[in-house]
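Data first, discussion second: the structure below is written as structure tokens.
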Amino acid sequence: MAKPDLMDFDRALELYEPVLGFEVHVELNTATKMFSDAPNYFGGEPNTNITPVDLGLPGSLPVVNEQAIRYSISLGLALGCSIAESSRFARKNYFYPDLAKNYQISQYDEPIAYRGSVDVELEDGRSFTIPIERAHMEEDAGKLTHVGGSTGRIQGAEYSLVDYNRAGVPLVEIVTDIIYGADRDAPELAKAYVSTIRDIVVALGISDARMERGNLRCDANISLSPRGSGILGTRTETKNVNSLRSVERAIRYEIQRQAAILSAGGTITQETRHWHEDTGRTSAGRPKSDADDYRYFPEPDLLPVQPSTELIEELRAALPEAPALRRRRLKAEWGFTDLEFRDVVNSGLLNELAETVAAGASPQAARKWWTGEIARLANAAGVDSSSLVTAQQVAELIELVEAGTLTDRLARQVLEGVIAGEGSPAQVVDTRGLAVVSDDTALLAAIDEALAAQPDVLAKIRDGKVQAAGAVIGAVMKAMRGQADAARVRELVLERAK
Amino acid sequence: MSEITAEQVAHLAHLARIELSPEEIESLTKELGSIVDNVAKVTEVATPNVPATSHPIPLVNIFRPDVVGETLTQEQALRGAPEHAEGRFKVSAILGEEQ
């Protein structure tokens with residue numbers, strides 16, 4: 001198909017109401033797989049982190065990972081879901097070599113968690129409640145590499161190579177109910193929802209939640225309803241959205257694409273669509289199968305899961321604070337303005353700040369460093385801020401500044417040293433000899449030298465031209481190689497003029 | 001009587017990626033029909049107080065601890081594969097889209 005026409009986003013929203021639904025897959029970070037004791041790790045040599053169960057070899061039997069059950073229940077509770085008194089696994093039958101068994105073990109009619117909701121906050125602070133239909137457990141599939149095609153995709157490929165290291169990795173799939181009323185916030189809401197799910201699983205410590213690594217994957221369902229008609233449109237399911245930004249862009253794109261087709265009198269095909277990060281478009285995938293085609297039936301190799309009330313209450317008591325509540329609490333504790341706080345949240349630095357404050361730094365100083373110099377360096381290097389320095393190191397740096405050992409300028413040099421792996425801030429101060437010269441005798445000697453070189457300065461200051469001190473301060477800072485507190489130097493210069 | 005149709009058999013054959021001739025579809029339609037009829041007889045003898053079950057032994061919560069065990073080597077894993085390359089199973093690429 002040629003490049004599809006897109007309708008202007010605002011025009012599309014005038015004509016249609018977007019109706020959303022999301023399926024988010026979360027890979028659990030258990031030690032072993034869902035149904036086998038192979039390591040839950042899929043880097044490394046292909047087909048080495050597998051057991052006969054993961055290959056579906058004859059005579060092998062799956063056994064449920066207890067930790068995966070606990071994690072799934074915790075996640076269900078964090079999503080405000082009820083935990084099923086009895087849930088069971090089912091076979092989802094399909095013929096594709098990403099699983100060797102020709103079926104995926106999933107849950108169908110009796111998921112472990114059902115009916116919940118998640119409060120999601122938009123960037124401007126408005127809150128939106130996303131209804132959750134269910135969260136169910138299943139196993140991840142292996143990884144296929146298509147060989148021989150020019151694009152590395154299946155079209156034109158001569159054959160495919162399969163690595164089953166990822167097969168059997170525990171997943172929880174979170175399915176929302178139909179989401180109405182998102183309106184023009186739909187793209188941002190989609191991003192905020194996935195971001196909130198990520199915050200929840202990170203807070204629970206049950207997933208690494210790295211979207212770029214596929215630990216967290218979002219399938220976005222969207223349809224358009226002619227405004228005021230109350231009629232649901234045909235939906236598409238967009239896959240391959242691997243970043244928060246893509247989630248937002250993909251929804252926006254689908255709204256514009258579907259609106260263009262519908263307004264021209266066309267119809268939407270119910271299908272899977274693939275998001276392409278590079279072109280910012282979606283392309284048609286396979287027609288969506290009916291659930292009937294998967295011929296679900298109860299997994300005869302596994303027994304029902306019936307968690308005790310004690311277990312559920314134990315896990316409920318251990319739940320971390322909900323991300324939305326935590327944000328509200330931290331904002332109040334730190335005394336940040338709306339703008340300051342939003343800046344931190346939108347930069348994804350909330351956890352870093354919280355840890356830095358917990359390590360003893362003042363909230364404002366922590367904010368200044370994380371959203372300022374550290375974010376700048378991270379941007380320049382194209383990496384996450386949190387991969388550059390630890391909260392502990394930042395707190396130590398701030399402490400050195402507040403104790404007067406470092407000026408901001410020196411602290412930036414120390415930060416560079418810490419990032420370069422030269423040790424803790426205190427060690428970098430020592431090895432690079434960066435501490436502020438706080439010895440007034442040394443400062444006065446430098447000041448007198450500078451004053452001797454610029455004899456007219458003292459007279460000017462005495463005439464009330466205090467700004468004339470700047471030239472001397474500059475000369476002293478230079479002589480001290482920046483390792484002086486400019487404010488202190490200024491005080492001393494003014495004293496000299498008295 | 002069973003409601004298995006030739007279209008359903010052809011559809012199932014497609015889902016299972018099995019190529020069937022028209023003659024095979026015709027005979028399988030009859031065979032599957034009689035299998036379904038026979039299974040349906042079981043429901044006639046089941047009383048309402050027999051709950052549906054998918055497992056012969058009434059057990060629940062059979063779990064294993066989250067402890068890593070022994071894995072196959074790559075050589076062992078690939079031993080039964082008709083074809084392999086680069087440490088991976090080699091399969092035909094004409095199998096359609098990912099599920």
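First the proteins, then the strands, lettered A, B, ... as listed; each starts at 1.
- In terms of modelled atom types and a separation under 3.5 Å, the side chain of B:Gln74 and the main chain of A:Pro46 share a donor-acceptor contact.
- To the nearest 0.5 Å, atom OH of residue A:Tyr41 and atom OG1 of residue B:Thr71 are 13.0 Å apart.
- Per-residue heavy-atom pair counts under 4.5 Å with chain B were compared for A:Pro298, A:Pro307, A:Ala31, A:Ala38, and the maximum is reached by A:Ala31.
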- Given B:Leu15 and A:Arg295, is the side-chain contact (heavy atoms from CB on, under 4.5 Å) satisfied, shown in steps? CA-CA 10 Å; B:Leu15 291 175; A:Arg295 292 151 289 146; 3.6 Å; yes
- Item | Derivation and outcome, side-chain contact (heavy atoms from CB on, under 4.5 Å), residues B:Lys90 and A:Val147 | CA-CA 10 Å; B:Lys90 190 173 173 182; A:Val147 180; over 6 Å; no
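- Ranked by heavy-atom pairs shorter than 4.5 Å toward chain B, the options A:Asn102, A:Ile69, A:Asn93, A:Asn47 are led by A:Asn47.
- When heavy atoms are compared at a cutoff of 4.5 Å, B:Val60 approaches chain A by way of both its backbone and its side chain.
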- Assess whether side-chain contact (heavy atoms from CB on, under 4.5 Å) is satisfied between A:Val305 and B:Asn61, documenting all intermediate values. CA-CA 5 Å; A:Val305 176; B:Asn61 297 339; 4.1 Å; yes
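- Of the two parts of B:Ile57, only the backbone, made up of N, CA, C and O, holds a non-hydrogen atom closer than 4.5 Å to a non-hydrogen atom of chain A.
- Ranked by heavy-atom pairs under 4.5 Å with chain B, the first of A:Thr48, A:Ile50, A:Thr51 is A:Ile50.
- Contact of B:His11 with chain A is made through the side chain alone, with heavy-atom distances under 4.5 Å.
- Here A:Asn65 contributes atom CG and B:Phe63 contributes atom CZ; the two are 10.0 Å apart, rounded to the nearest 0.5 Å.
- For B:Gln76, the CD atom is densely surrounded, since the number of other residues' heavy atoms within 6.0 Å is greater than 12.
- Between chain B and the options A:Gln306, A:Gln67, A:Lys33, the largest number of non-hydrogen pairs under 4.5 Å is found for A:Gln306.
- With values rounded to the nearest 0.5 angstrom, A:Tyr96 atom OH is found 10.0 Å from B:Arg17 atom CZ.
- Residue A:Leu55 touches chain B through its side chain alone, counting heavy-atom pairs closer than 4.5 Å.
- Within 6.0 Å of CD in A:Glu277 there are more than 12 heavy atoms belonging to other residues, nucleotides or ligands.
- In this structure, A:Lys143 places its NZ atom where only 12 or fewer heavy-atom neighbours from other residues, nucleotides or ligands lie under 6.0 Å away.
- By number of non-hydrogen pairs under 4.5 angstrom with chain B, the leading residue of A:Thr32, A:Asn40, A:Asp301, A:Thr30 is A:Thr32.
- Remark: side-chain polar atoms of A:Asp163 are not paired, donor with acceptor, to backbone N or O of B:Arg88 under 3.5 angstrom.
- Proximity to chain B is limited to the side chain of A:Tyr164, based on heavy atoms less than 4.5 angstrom apart.
- Atom CD1 of B:Ile62 sits about 5.5 Å away from atom CG of A:Leu303, to the nearest 0.5 Å.
- Across B:Gly80, B:Ala81, B:Ala85, B:Pro58, the residue that shares the most heavy-atom pairs under 4.5 angstrom with chain A is B:Ala85.
- At a 4.5 Å heavy-atom cutoff, the contact between B:Glu70 and chain A is made by backbone atoms alone.
- With a 4.5 Å cut-off on non-hydrogen atoms, A:Leu302 touches chain B through its backbone but not through its side chain.
- Sparse packing is recorded around CD of A:Glu85, with 12 or fewer heavy atoms of other residues, nucleotides or ligands lying under 6.0 Å away.
- A:Asp37 places no side-chain N or O within 3.5 Å of a backbone atom of B:Val67 that could act as its donor or acceptor partner.
- In this structure, CG on A:Asp292 lies 10.0 Å from CD on B:Gln8, to the nearest 0.5 angstrom.
- With a 4.5 angstrom heavy-atom cutoff, A:Ser36 touches chain B only via backbone atoms.
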